[in-house]
Student: 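The structure is given below, and queries will be raised subsequently.
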There are 2 protein chains.
Amino acid sequence: MSDVAARAGVSTATVSMVLNGVNSTRISPQTQQRVREAAEAVGYKPNSVARSLRTQQTRMVGLISDTIASTPFAGRMLAGANDVAREQGHLVVLVDTERDVEAERQALQALSGQQVDAIIYACMWHRVVEVPEGLPGDAVLLDCAPASGGRAAVVPDERAGGMAAVRELLAAGHRRIAFLDAEKRFDLVASRLRYEGYLEVLADAGIEPDPALHVRAEPVAGGGREAALRLLELPEQRRPTAMFCFNDRMAMGAYAAAHHCGLSIPGDLSVVGYDDQQLIAADLDPPLTTVALPHYEMGRWAMEVALGLLKGDPAVPHLMPCPIIRRASVGPPPAQFGD
Amino acid sequence: MSDVAARAGVSTATVSMVLNGVNSTRISPQTQQRVREAAEAVGYKPNSVARSLRTQQTRMVGLISDTIASTPFAGRMLAGANDVAREQGHLVVLVDTERDVEAERQALQALSGQQVDAIIYACMWHRVVEVPEGLPGDAVLLDCAPASGGRAAVVPDERAGGMAAVRELLAAGHRRIAFLDAEKRFDLVASRLRYEGYLEVLADAGIEPDPALHVRAEPVAGGGREAALRLLELPEQRRPTAMFCFNDRMAMGAYAAAHHCGLSIPGDLSVVGYDDQQLIAADLDPPLTTVALPHYEMGRWAMEVALGLLKGDPAVPHLMPCPIIRRASVGPPPAQFGD
DNA sequence: CTGAAAGCGCTAACAG
DNA sequence: CTGTTAGCGCTTTCAG
């Protein structure tokens, strides 16, 4: 920088002001011009480390996550956070702790040592977490809710998502709608919330929920198949005409079961999934109607409040809508069940 | 830091030395003890920014990638890079440029301004790239090869992977092995390389490749299905008993085609995929034998050479082995084709 | 064995 | 309108 100053015949202070556009009204255009030319000539590159030391702002935000690797959704969240960061001229420092407490401690220490301007604590699937000790109070939680409140957080609105799914089926004329849920032992908050949504919509429609239509299995394709098979073995009058599946993988299994029983989708059976998981939802035959998880949007939101663009309410997690994606797996119930 | 010094009754220089373990032999144990206690008492946290400014080392490495979001493999690469970085006490700064030249320029500038110690340039699928102008000479390329040489790079050994796949089929007794390739217009280096591997193994086995068995389609499930169907319509003597598919998605389509034709896998038809893509390979019925892409390992390698732990050869990209994952989609050919 | 002092590259008061 | 100056928090010779 002193090179530039010398070359332009001014002081470093002037160079700094010109190049940062600060107080630019107070510096003569000719000088500004000279400075810029000198900077260009010297190939001047500002040193952000020095600037950060001086300004106490690094324009970096730390993103600590439990596992970037394991879910295809992680990327969407990162992308959202990244995009906002870039728009704001910030960089994101990523740390993957693999859910290890010691690693989390180290990460936090490294990040605070690095003086990041903000911290986002991200989970790769929706859950409630005991936040690590030492997480700054203004850190924002992404795809998780704090066990003991008091922090800005964003999670998908699973309840509304479940409602949307069931409404879709209701609108198509179904009355006997099953919910293929995840087993309780997985202790998924999404499971509870989606089920609540299911129940609420049924209640609103004046339909008495049939406990036989709420089945649980492992939330993977195999589990979905098995659960769907159980449902399809019910006597005809009790058999569901539609299935709302906890996730797309289970929906995939439901397809397999329908196929096995010689049932066509959506002719004989309608199916709705959840997650809008790439490589499944759109690739199934017929393409699956499902509820999308708003990972990109949550990533954006988290970064926006982290950077102070938005105000997060510490009292209660922000609920991000889960849009329903209409494809071709929902139709009217088979004739004998119609009205 | 001066607080600590005052509290311990020493100078900041001494504090620095003690806390960094530098020249520790030259400082009396009592003093060291006192310093440590003072640091503890004050809750001293070193400021890496200041340290970086002084030492000209940030212990951060920039990872610029074209798209973190779009492939499920991205996470594995990040994870590999991250793990090594953590082991070495480094942080990774992630920038996603979405393959936009202007964004790349900005990213590079931001990273060099931030004085990162090293840069990794990652692609989310194997290709040859024109590296962005301004990419430092010692940057390492991850999952891509430089169009105009001279840089450390790591890519999957697709050729060997193709060979392994075909050998697997050969070993099971197949002679009529098809290759369901990606269409040329996608211009995938993986396609060319895997095909070379296919040809070479056939040649080694003394099998004349039948051009009719090399078919191309869009590298997705639908394309695989269509290509497989074409193959299955061949007169019985020319029909393949095994299919090596460019990727798992095409293999998924091949399964659908076999199913459509009433053929069982692996009884009537053996199938090998490529990618070991989660949610496909292991979840297909029967589970798919496939060749895995070593994303995690490539991520590690890239970070290791970026940090100088390993020496990369700038003359030629490092080839990372693609292990074959044996599952249940390969068996002997149907009896009438046996020997 | 320990302290003083210089300086990493930049910014922001304050003077002129 | 522009220059001087004093640090940001740390490391590292060089003297004691």
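Quick note: numbers below take in every heavy atom, side chains included, and nothing from hydrogens, waters or symmetry partners. The chains referred to below are lettered A, B, ... by the order of the sequence lines, with proteins before strands, and numbering in each begins at 1.
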Student: Can you check whether A:Val10's main-chain N or O pairs, donor with acceptor, with A:Thr14's side chain at less than 3.5 Å?
Tutor: no
Student: Send over the distance from A:Gln32 CD to D:dT2 C1', rounded to a whole Å.
Tutor: 12 Å
Student: Measuring from the side chain of A:Gln56 (C-beta onward, heavy atoms only), which nucleotide among D:dT2, D:dG9, D:dT11 has the closest atom?
Tutor: D:dG9
Student: For atom CD of A:Glu133, is the number of surrounding heavy atoms from other residues, nucleotides or ligands below 6.0 Å larger than 12?
Tutor: no
Student: From the set D:dG9, D:dG3, D:dT12, return the single nucleotide nearest to any side-chain atom of A:Ser11.
Tutor: D:dG3
Student: Roughly how many Å is it from CZ in A:Arg54 to P in D:dC10, rounded to a whole number?
Tutor: 16 Å
Student: Mind checking B:Arg51 for me? I need base, sugar-phosphate or nothing, with any heavy atom below 4.0 Å counting as a touch.
Tutor: sugar-phosphate
Student: Quick check for you: name the first and last nucleotides of DNA chain C, 5' to 3', having an atom under 4.0 Å from a heavy atom of chain A.
Tutor: C:dG9 to C:dA12
Student: Under 4.0 Å between a side-chain nitrogen and a carboxylate oxygen: does that hold for B:Glu37 and B:Arg34?
Tutor: no
Student: If you assign B:Ala50 and B:Ser28 each to the DNA chain C nucleotide with the nearest heavy atom, which residue ends up on the more 5' nucleotide?
Tutor: B:Ser28
Student: Scan A:Thr31 against the nucleic acid and name what it touches under 4.0 Å (heavy atoms): base, sugar-phosphate only, or nothing.
Tutor: sugar-phosphate
Student: Counting neighbours of CD on A:Glu102 that are heavy atoms of other residues, nucleotides or ligands and sit closer than 6.0 Å, is the number greater than 12?
Tutor: yes
Student: Can A:Asp66 and A:Tyr121 be counted as having a side-chain donor-acceptor contact under 3.5 angstrom?
Tutor: no
Student: Using whole Å, report how far CE of A:Met1 lies from P of D:dC8.
Tutor: 18 Å
Student: Between A:Arg300 and A:Glu304, is there a side-chain N and carboxylate O pair less than 4.0 Å apart?
Tutor: yes
Student: Please confirm whether the shortest side-chain N or O distance from B:Asn20 to OP1 or OP2 of D:dT11 is below 4.0 Å.
Tutor: yes
Student: Starting at the 5' end of DNA chain D and moving along, which residue's nearest nucleotide shows up first, B:Thr14 or B:Val49?
Tutor: B:Val49
Student: Do A:Asp143 and A:Val154 have side chains that get closer than 4.5 Å, going by heavy atoms?
Tutor: no
Student: Select base, sugar-phosphate, or nothing to describe what B:Gly9 touches, counting heavy atoms under 4.0 Å on all strands.
Tutor: sugar-phosphate
Student: Which sits closer to the 5' end of DNA chain C, B:Leu53 or B:Val10, going by the nucleotide each is nearest to?
Tutor: B:Val10
